[in-house]
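Please read the structure below before turning to the comments.
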Amino acid sequence: MSQNQLFYYFKTQDTDSLDVVVCSDAKEAAELESVARFFQKDVLVFPDFRASFGDDLRSYKEELHQLFISLREYYVAKKKPLVVSPLKTLLFHLPKFDILQSLELEFGADINLLEFKEKMLCWGYSFVDIIQVKGEISFRGDIIDIFPPSLPNPVRISLFDETIEQIKYFELETQRTLKDELESVVVSSAFYSLDNSMYEVLDKRVQNSPYDALLKDIASLGFWHLDEMGYNFLEGKSVKFSQNLDPLLIDSYALNNPSIKREFFDFEILPKDDRCKDLVVTNVDTLLKVHKEKKITIIAANEALMKQVGIYDISNINMVHAGYILNVICDDELVISLNKPDKKSRRRKTSILLDDLKTGDYVVHEDYGVGIFEGIEHSEILGGIKDFVVIRYIGDDKVLVPVENLDVIDRYIASGGATPVLDKLGKGSFAKLKERVKKRLFEIAGDIVDTAAKRALIKAPKISVLGSELKEFQRVAGFDYTYDQTKAIDDIISQMSSGHIMDRLLSGDVGFGKTEVAMNTIFAAFKSGYQSAFIVPTTLLCAQHFRSLDERFADMGIRYAKLDRFVGTKEKNNVKKALAEGELDVIVGTHAVFGLEFKNLGVVIIDEEHKFGVKQKEKIKTLYNNVHLLSMSATPIPRSLNQALSSIKTMSELLTPPSQRQGVRTFVKEYDEKLIKEVILRELRRGGQVFYVHNSIDHMPIKYGELKALLPDLRVVMLHSKISAVQTEKELLKFEAGEYDLMIATSIIESGIHMPRVNTILVDGADRFGMADLHQLRGRVGRGDFEGFAYFIVNNKQNLTDEAKKRLLALESNSFLGSGSVLAYHDLEIRGGGNLVGDAQSGHIKNIGYSLYLRMLEDAIKELSNTKESKKVTIDIKLSICAYLCSEVINEDRLRLDIYRRLAACEEVVEIYEIQEEVMDRFGELNTPTLEFFELMVIKLLGISKGMKSISNYGQNITFTYIDNKKESVKSQSRDDDDIIKATLTYLRSKV
């Protein structure tokens, strides 16, 4: 920390002469900003931009946007603020003021759409159908959605002809506008505010650029070719280094190829003085007593913080109400801050799930089985026009599914991306298959429900712990818990102290802190005088968890041991004896723990339960049927299954990443030996390890040879499914201990293993993986405090299909957001659901796909636990009206499909009207066919609720047929669509 040096400098120098302080990274920049704020300076912080010259900048988009916003602010300021910037940001020429302009759009002003579109294109906006990230713009009829990087939310502008008649912010997740109207909005350039001729010049330079990018455009490479449009920001300014930055400069000039000469960075370091020191605050009270003679300043965001630490008398204390953190002690002054560092919460909000159903994708129809999705088709039926989803089966037979019944189809998802076999229409084979699966599912559901019923009758050990002891235990952990962790721990402890038996599933990504929750559970059991067993599927996890026990329990008098293949017979016998006599409090082990005798077992924790075989799972259930059970899993579980199981299992989820976790930079590159070599060396230089994913087992030894030829000293280990489990485990332990630099493996890089040192992953043939798989692979790195790098390697950029290109670009520009992660998460949940139930029936899953399988499982569980609703009712609507979501209103197929799907899933009329309001908000005025489609959906729901099986019309006569075949008719005023709808709705609403 160099807060004390800048503090001393401001305290003793004439301070207006300093223009820029250069520091090491973003964390230090934030600390120095606090010092400047304390001395009431105007201060501006640049982001930490760590690219190397010539990098594809798509994956640095966030930092670039941030940098341009800061530069713009600097240029516009009349009195120039002090700039605090990490060194690496200043290694290159930065854009001049001329190309960072903005434009104000006001309510009531006229806008020339054609000119505006052209301007936004030159300013670097991407044109899309639905906005998901900054720097995107979407034109839909009279509506413009735009997300300038400088604004917190995207903006929706409604036009009347060419006049702006409304400006509002809207929310990304829901795409709905927020209440307040804005008078005007400032649109800054997404990249550079170029005119046509400048744009052409820069674009030409980019096209001829020697550097490689998946898509050569200004966004990815423009920054490196600004030439006369950029300049050295530090030129002519008074600059100081915050500390000795020589090591970082050496690193920068070795790795980043700066465009500014090394000699230029010859600045003085802020003077150091022993009279001023940084301070670590542990006990405020003691500090105030010891230093009461000094001038004391306390910084706190509010008075409640003062009271929390017990300060009530502030008569001789200088109070500063502010949110920053500064702790410094000088010979005559003490400054302490009571504020805590901001926690960044990046919980997943469920956003609109664009299921991205593309023509050619596999889908499952619940009556006809697996087919291929062919798109949406307009057809005229009974004189009315409607939309149908077309599904193709064997022999080019097709099924047309009316869009109002879209809930009968699901995307086909199976384990390991298996390709399904198409079904044949008319043979009834799918119905037979469904019967077989149903029978098997009733057995599984029966087991689940029985076990739950038996366990509910058991008196469970009461486990509780004093709040103060638990707080102290958590404090010693050395980090702040996330909100989810705290909630999970509270839930677990209150459930275990209730006297009822606990059966809880804790899910959360690797590195999100599941183990720490387990430690709290074990601690509570220990404090209540019970033993705990921690069971894991592999020796590697056993070793990792034993280390965690060691770190957390060594000084607490808790006795622990481990049992796995590597423990000798003599030691094993000692451990067994100690457990039986109560000499041990915790045992962590693989299935070696089964069948041991415990003196007083209170809780069993199982990690990655789905990795155990079926027989082992049964064993776990019978062994520990009268103790608390906590299962932990790295794959999430679908909400719907979660609800079906809620009467049986309780759930906790960890969705918040730890605060120090950084994103993963993603690059898509063509295969090039020089690049591969550089990437591997870059990771080894920072003391890390590398994953290399290569999906062909046969070709793997050749790849191994190529890597050894490139880097002869590289220590490489090769793992795939044909290597025995014992061997794999041995090698994994060695890799984790750092005995290898690089692991080359098929895509099954162990999901449950925490390897914080592996921070670069290379994926060979990335265009052959699905979005969800790539997203998961990328999540394997960047789990420690280091930034992760993912390189998706393709063999030939020219041969990529448009779809593959789009998929890879989306991953490159969103380091952790976008529909990709939502989709990947959705896939994962569904797979997690399959795993939860056991994989013995994976053959069935392959035949009908996970989604339908889970739906049937939910029904079976509900039926057996008597919460089953009546059989799902369908209704046949044959009205001669034109009702469909019109492509003039919603012009993208995928957006129409999404809304069709959500409407089909509605169960209450009010939900339909809510979606209608949202569509009007997002797409403007609705035309007749679109409005009539919403009414049609209302007719469908009302008809079902009144117990009808069909509604049809012939001319003006409308017939309603009930399930018991009773019929009733009404006559509409005319044959017009709106009259038929009106008459139908009037009849349905009159029936009570």
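Both backbone and side-chain heavy atoms feed into the values below; hydrogens, waters and symmetry mates do not.
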Do [X] side-chain atoms and [Y] backbone N/O form a donor-acceptor pair below 3.5 Å?
{"X": "Gln689", "Y": "Asn759", "result": "no"}
{"X": "Ser220", "Y": "Leu215", "result": "yes"}
{"X": "Lys703", "Y": "His694", "result": "no"}

Does some side-chain heavy atom of [Y] sit less than 4.5 Å from a side-chain heavy atom of [X]?
{"X": "Arg665", "Y": "Thr760", "value": "no"}
{"X": "Trp123", "Y": "Phe191", "value": "no"}
{"X": "Val690", "Y": "Val758", "value": "no"}
{"X": "Leu895", "Y": "Asp893", "value": "no"}

Test side-chain contact (heavy atoms from CB on, under 4.5 Å) applied to Phe233 and Thr89, step by step: CA-CA 10 Å; Phe233 180 77; Thr89 309; over 6 Å; no
Quiz item: cation-pi between Lys117 and Phe139, 6.0 Å / 45°: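 Judged by the rule (NZ or CZ under 6.0 Å from the ring centre, within 45° of its axis), Lys117 counts as positioned above Phe139.
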Stacked cation flag Arg715 on Tyr740, 6.0 angstrom / 45 deg: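 No, Arg715 does not lie over the aromatic ring of Tyr740.
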Nearest heavy-atom neighbours spanning [X] and [Y]:
{"X": "Leu221", "Y": "Asp56", "result": "CD2-CA, 4.3 Å"}
{"X": "Val781", "Y": "Gly788", "result": "CG2-CA, 4.4 Å"}
{"X": "Leu684", "Y": "Gly688", "result": "CD2-O, 3.5 Å"}
{"X": "Met718", "Y": "Tyr704", "result": "SD-CB, 4.0 Å"}
{"X": "Arg896", "Y": "Ser887", "result": "NH1-CB, 3.3 Å"}

Side chain to side chain donor-acceptor pair (under 3.5 Å) between His93 and Asn232, intermediate numbers included: CA-CA 5 Å; His93 287 140; Asn232 176 355; 5.5 Å; no
Arg156 and Ser138: CA distance, side-chain angles, deciding distance, side chain to side chain donor-acceptor pair (under 3.5 Å) verdict: CA-CA 9 Å; Arg156 180 162 295 153; Ser138 165; over 6 Å; no
side-chain contact (heavy atoms from CB on, under 4.5 Å) between Cys122 and Asn196, intermediate numbers included: CA-CA 7 Å; Cys122 293; Asn196 281 4; 3.2 Å; yes
Salt bridge (charged side-chain N to carboxylate O under 4.0 Å, His left out) between Asp203 and Lys216, worked out: CA-CA 9 Å; Asp203 193 48; Lys216 280 192 167 186; over 6 Å; no
Should we say atom [atom1] of [X] is surrounded by more than 12 heavy atoms from elsewhere, each under 6.0 Å from it?
{"X": "Lys134", "atom1": "NZ", "answer": "yes"}
{"X": "Lys677", "atom1": "NZ", "answer": "no"}
{"X": "Gln101", "atom1": "CD", "answer": "yes"}

CA sep, side-chain torsions, deciding dist, call: Asp227, Arg205, salt bridge (charged side-chain N to carboxylate O under 4.0 Å, His left out): CA-CA 10 Å; Asp227 301 356; Arg205 286 181 199 162; 3.6 Å; yes
What I want to find out is whether [X] reaches [Y] closely enough, with some N-O distance under 4.0 Å, to be called a salt bridge.
{"X": "Asp741", "Y": "Arg757", "result": "no"}
{"X": "Asp48", "Y": "Arg50", "result": "yes"}
{"X": "Asp145", "Y": "Arg922", "result": "no"}

Nearest-0.5 Å distance that lies between atom CG in Leu103 and atom NZ in Lys119: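 It comes to 5.5 Å.
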Salt bridge (charged side-chain N to carboxylate O under 4.0 Å, His left out) evaluation trace for Asp251 with Lys88: CA-CA 10 Å; Asp251 174 68; Lys88 293 208 168 187; 2.9 Å; yes
Plane angle bin for Trp224 and Phe53 - parallel if under 30°, tilted between 30 and 60°, otherwise perpendicular: tilted
Aromatic ring pairing Tyr231/Tyr75, orientation class (parallel under 30°, perpendicular over 60°, tilted between):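 It falls in the tilted class, 30° to 60°.
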Aromatic centroids of Phe223 and Phe49 separated by under 6.0 Å: yes
